[in-house]
Every structure is written in C-alpha cells, then in structure tokens.
Amino acid sequence: EMLRSLVGSEMCIRDRVYLGLQIPQPMLEYIILTIKELDLDHKLSPAEIRKDEGWAVNNQTRKTNSKSIHASNWIAGMLWHHIMRTNHHNFQYDITGWDTDQIEYLSYDTGGFYKWHHDDILPMYQPPTPSLHELDYNPLEYNRKLSFSLLLNDDYEGGELQLLYPPHTFCKVPKEKGHLVIFDSRVQHRVNPVKSGTRQSIVGWAVGPRWR
C-alpha cells in the first residue's frame with residue numbers, strides 16, 4: 001500500500017487531520033480519459049451549497065462548476081477501495097456508501113473558490129414518521145463522515161486546498177497532480193481563489209448512520 005500521511009506541518013502529523021496517497025500516473029491518465037469520454041466538461045453546471053432546507057447557487061461562498069459521477073462508475077469503485085482501507089486502519093467509522101450514490105467532478109476556473117466550510121451535513125428538519133407501507137431508505141438519517149479530494153491537475157496558480165482543525169492546526173495540502181486526500185467530514189476546509197488556469201478535481205463523501 002502507498003498510503004501515507006502527507007501534511008503541511010508537524011501538527012498535521014500529530015493530529016492526523018488528513019491522510020493522503022498518490023494515485024499511479026497510468027491510473028490517473030485513465031481517470032482523465034474516462035472524464036473525457038463521459039464529456040463531463042461540457043455537462044458542468046454551477047455548484048450549489050446547502051441553504052435552509054434545500055440547495056442553491058451562492059457565488060459569495062462557492063464559485064465552481066460540477067457534474068456528478070454515478071457510484072456504478074469504476075472511478076467511484078476504485079476510490080471506495082481507498083476510503084474503506086483508510087477508514088479501517090485509521091478512523092473505523094460506520095460508513096455504508098457514497099452520499100446520494102455518487103461522487104463529483106469539480107472544475108474551478110480563474111477566480112473560482114470555496115470559502116471555509118465543512119461537509120458534515122445534518123438535516124435541517126425531521127420529516128414525519130412514515131406509515132409502515134411507506135418505509136424506505138431515508139437519506140436524512142445519514143451523515144457524511146469521510147470526505148476525499150483527488151487533484152487531477154496542477155498546471156494552475158492559486159486554488160490551494162487548506163484544512164483547519166481547531167484549536168490551532170492549519171494544513172496546506174500538497175498541490176500535486178494525482179494526490180488523494182481523505183479527511184473527517186467535520187474538519188473545516190477551503191479552496192483558495194484560482195489565480196490563473198483551471199483547477200480540476202474529484203470529490204466525494206462517505207456516509208453512514210447518524211453519530212450517536
């Protein structure tokens with residue numbers, strides 16, 4: 001296994017804010033080829049953020065474009081393998097699958113950014129208890145527990161991924177093509193504004209039953 005800690009400071013190593021590995025170049029090229037075959041760059045739409053009980057575009061907080069990749073795609077399966085091994089050896093959280101059964105392809109053009117936020121989404125309301133014949137999977141009963149970000153290119157300026165772990169640990173994630181980082185979804189993080197070029201990545205969230 002090529003799993004190793006890749007951190008921007010000694011505190012990141014001590015606090016285990018995130019774990020990282022390098023995807024082999026041939027596999028990375030195959031990922032990029034798959035994205036081209038799916039024509040994702042021409043299917044992008046402005047990414048949304050959680051607002052009240054729904055989702056909406058907010059360019060004051062997040063400015064990027066996205067397109068979902070279904071969990072049945074081989075990319076999601078390969079990344080799930082690394083999520084599961086990282087979880088087994090480091091977090092041991094109760095996780096069951098990808099949030100909404102998909103991962104996301106993101107493209108940050110020049111000026112694109114995402115301010116400080118965390119991925120651990122809690123329901124804003126409790127839906128009524130369904131009748132017995134209506135019982136079904138309820139996504140509101142699940143939390144995002146582990147997040148990942150796979151950087152597909154590094155030929156751009158700015159756009160650094162940074163993580164903040166209170167009270168004092170601040171991590172600068174290496175900007176390396178093919179670098180995959182996995183971290184607790186409750187950790188605050190941001191993507192600084194892209195100064196030039198386009199930042200491309202794949203992100204996703206492993207979910208599991210609500211924290212108890």
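Keep in mind that this is a model prediction, so the values were computed, not measured. Along the sequence shown, the residues carry numbers beginning at 1.
At a threshold of 4.5 Å between non-hydrogen side-chain atoms, the residues Lys172 and Glu160 do not count as touching. A 4.5 Å side-chain heavy-atom check between Leu79 and Ile103 finds at least one atom pair inside the cut-off. Within the 4.5 Å cutoff, side-chain heavy atoms of Cys171 are placed close to those of Tyr18.
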Quick one: do Asn65 and Ser107 satisfy side-chain hydrogen bond (donor to acceptor under 3.5 Å, both in side chains)? Show the steps, please.
-> CA-CA 5 Å; Asn65 296 308; Ser107 180; 5.5 Å; no

Please step through side-chain hydrogen bond (donor to acceptor under 3.5 Å, both in side chains) for the pair Asn73 and His70, ending with a clear verdict.
-> CA-CA 6 Å; Asn73 188 281; His70 194 267; over 6 Å; no

Would His117 and His189 satisfy side-chain hydrogen bond (donor to acceptor under 3.5 Å, both in side chains), going step by step from the backbone distance to the final call?
-> CA-CA 6 Å; His117 66 286; His189 55 287; 3.1 Å; yes

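In this structure, Arg199 does not pair ionically with Glu157, as no charged nitrogen and carboxylate oxygen lie closer than 4.0 Å.
Surrounding CD of Gln60 are at most 12 heavy atoms belonging to other residues, nucleotides or ligands under 6.0 Å away.
Judged by a 6.0 Å distance limit and a 45° cone about the ring axis, Lys43 is not positioned over the six-membered ring of Tyr105. In this structure, Arg144 forms no cation-pi arrangement with Trp98, as its terminal cationic atom is not both closer than 6.0 Å to the ring centre and no more than 45° off the ring axis.
A donor-acceptor pair under 3.5 Å is formed between the side chain of Lys145 and the backbone N or O of Asp94.
Under the 4.5 Å side-chain heavy-atom criterion for ILVMFWY residues, a single connected hydrophobic cluster contains both Ile202 and Met27.
Taking the six-membered ring where tryptophan is involved, the planes of Tyr30 and Trp74 are essentially parallel, since the angle between them stays under 30° and well short of 60°. Tyr93 and Phe91 have tilted rings, their planes meeting at an angle from 30° to 60° on a 0 to 90° scale.
Defined by atom type and a distance below 3.5 Å, a donor-acceptor pair is missing between the side-chain atoms of Asn87 and Arg85.
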